[in-house]
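Chain letters run A, B, ... following the sequence lines, proteins first and then strands; every chain starts at 1. What you see below is based on every heavy atom in this structure, not just the backbone, and it leaves out hydrogens, waters and symmetry mates.
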Number of protein chains: 2
Amino acid sequence: MIPEKTIERLSKYRRYLLEKLEKQEEYLYSHELAAALHLTPEQVRRDIMLIGYTGTQRKGYSIKELIDVISKILDGDKKINAVIIGMGHLGKAISNYFSIKRSNIEIVAAFDIDSNKVDRIISGIKSYHVDNLDLIINETDAKIAILTLSPAGAQDITDQLVYAGIKGILNFTSITLRVPEDVYIENYDMITSLEKVAYFVKESIDNEGTL
Amino acid sequence: MIPEKTIERLSKYRRYLLEKLEKQEEYLYSHELAAALHLTPEQVRRDIMLIGYTGTQRKGYSIKELIDVISKILDGDKKINAVIIGMGHLGKAISNYFSIKRSNIEIVAAFDIDSNKVDRIISGIKSYHVDNLDLIINETDAKIAILTLSPAGAQDITDQLVYAGIKGILNFTSITLRVPEDVYIENYDMITSLEKVAYFVKESIDNEGTL
DNA sequence: AAATAATTGTTATTACAATAACATTGTTTT
DNA sequence: AAAACAATGTTATTGTAATAACAATTATTT
């Protein structure tokens, strides 16, 4: 079993490696990757060890091979479909982010309650009324939902999503969702992130000059 | 020194407590807070211990007092100003999130390079051309920047921000930024988050039925 | 061909975070 | 008034992640 933090880094490694591949580069060293992502070379080597890939000493890691190994871990062999719930600014922002296909994840549909935002294509994604949630999720066999709606209706929608067969949720509403334990939730809370930054800024300002 | 993870939870505690306060409730138990946020009561008590607040046995914690103690930790005594760089969908989404003032953080300005998006008020925030970065940041004494621009210009902007006196960055561009070590960076990478969800969903589907 | 240098792979250590255990204390009940 | 209970505060333990150390190996240099 690969640790969660390693999975996160693998995602970042792959993106960096893909850039390098575009530049026709063939090999890279652990310390290069580490420097680029502000990590230690040991961490990079350890992660790569964990996924069972081995480089060649003195030469480093084959960029192409490493991408393949990471992709096998992250993507598996089959594609996975995702839907977005809520086509406000945040929903649109995320749609744009993923309009360039990376990896094996595809956003296949979006949902909203606003009649002005449904039954048309927004940021390249077909948008439906939430009433069609169950139908479309089943048709597309989507397994992931990205929640970018207002907190008010979030738990209700989540229940529907779980019923429709969703197995993973990326939650941008700042509320804590209740789901069965076989559903994986990744919470992202902007308010908390900003308050955290504010705290550490305040701390560093207060401690200025002191050692 | 309060651990990073505790700071994150304090932010969430406060929001939950504020809700309770609105409902005129006066006291709550560690296990209530824990249940609401999917934590253990021990963790909650430990966090509260770390910030030096004590409840009363058998009665629990005073909601009002606890909010005050948390606020003192998170906010300190002075307000802190923030700016947003990039008024695309993500920038607007964040502006809306923070249009309701919570805590002591205020978003005082936004910047963009698009002439259609500058010199007017967007989502309640005055928007300027990036050429005015240094000027406005100094005028407003902003210490935090929220980066919601495209990756291309991010490092260049970051250098300008640091020069202008920004001490904390909430980074939504998926690139790794170089900054002096007295600048605190919180990275949020949507692509990584989604790939992580996809990985754990895939794992759980693959392991269905096995124990 | 031998020595050196540079890099990987792995193990050991340290640090950090979460969980569990338990002692303490105040309230309620009998 | 005593006993039982239910909550807190704190210490101890466990688990997870990051760092460091080092052995093994391969290329390069002399």
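- When the side-chain nitrogen and oxygen atoms of A:Gln43 are compared with OP1 and OP2 of D:dT19, one or more of them lie within a distance under 4.0 Å.
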Which letters describe nucleotides 20-30 of chain C, given B = protein heavy atom under 4.0 Å from base, S = only from sugar-phosphate, - = neither? BB--BBBB---
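- Of the N and O atoms on the side chains of A:Asp47 and A:Tyr13, at least one donor lies less than 3.5 Å from an acceptor on the other residue.
- Distance, A:Tyr53 OH to C:dG9 C1': 13 Å, rounded to whole Å.
- The CD1-C1' distance, from A:Ile2 to D:dA17, rounds to 15 Å in whole Å.
- The aromatic rings of A:Tyr188 and A:Phe172 sit perpendicular to each other, their planes meeting at more than 60°, with 30° as the lower class boundary.
- For A:Tyr61 and C:dG9, the shortest distance from a side-chain N or O to OP1 or OP2 is below 4.0 Å.
- Relative ring orientation between A:Tyr61 and A:Tyr53 is described as tilted, the plane-to-plane angle lying within the 30° to 60° band.
- Here C:dT8 presents its C1' atom at 14 Å from CG of A:Leu33, a figure rounded to the nearest Å.
- The side chain to side chain contact (heavy atoms under 4.5 Å, CB included) check on B:Ser123 picks up B:Lys92, B:Ser95, B:Asn96, with sequence neighbours excluded.
- Of all nucleotides listed (D:dA7, D:dT10, C:dG9), D:dT10 comes nearest to the side chain of B:Met49.
- Rounded to whole angstrom, the span from the CD1 atom of B:Ile48 across to the P atom of D:dG9 amounts to 8 Å.
- We find that CG of A:Leu50 is positioned 11 Å from C1' of D:dA17, with the value rounded to whole Å.
- No more than 12 heavy atoms of other residues, nucleotides or ligands sit less than 6.0 Å from atom CD of A:Glu26.
- Rounded to an integer number of Å, the gap from CG of B:Asp47 to C1' of D:dG9 is 13 Å.
- Residue contacts for A:Thr6: at a heavy-atom cut-off of 4.0 Å it reaches no nucleic acid atom on any strand shown.
- Nucleotide D:dT16 holds its P atom 11 Å from the CD atom of A:Glu4, rounded to whole Å.
- Among residues two or more places apart in sequence or in another chain, the salt bridge (charged side-chain N to carboxylate O under 4.0 Å, His left out) test is passed with A:Glu8 by B:Lys196.
- A:Thr192 and B:Arg9 share no donor-acceptor pair across their side chains, judged by distance under 3.5 Å alone.
- Atom pair B:Leu39:CG and C:dT19:C1' shows a separation of 12 Å (rounding to whole Å applied).
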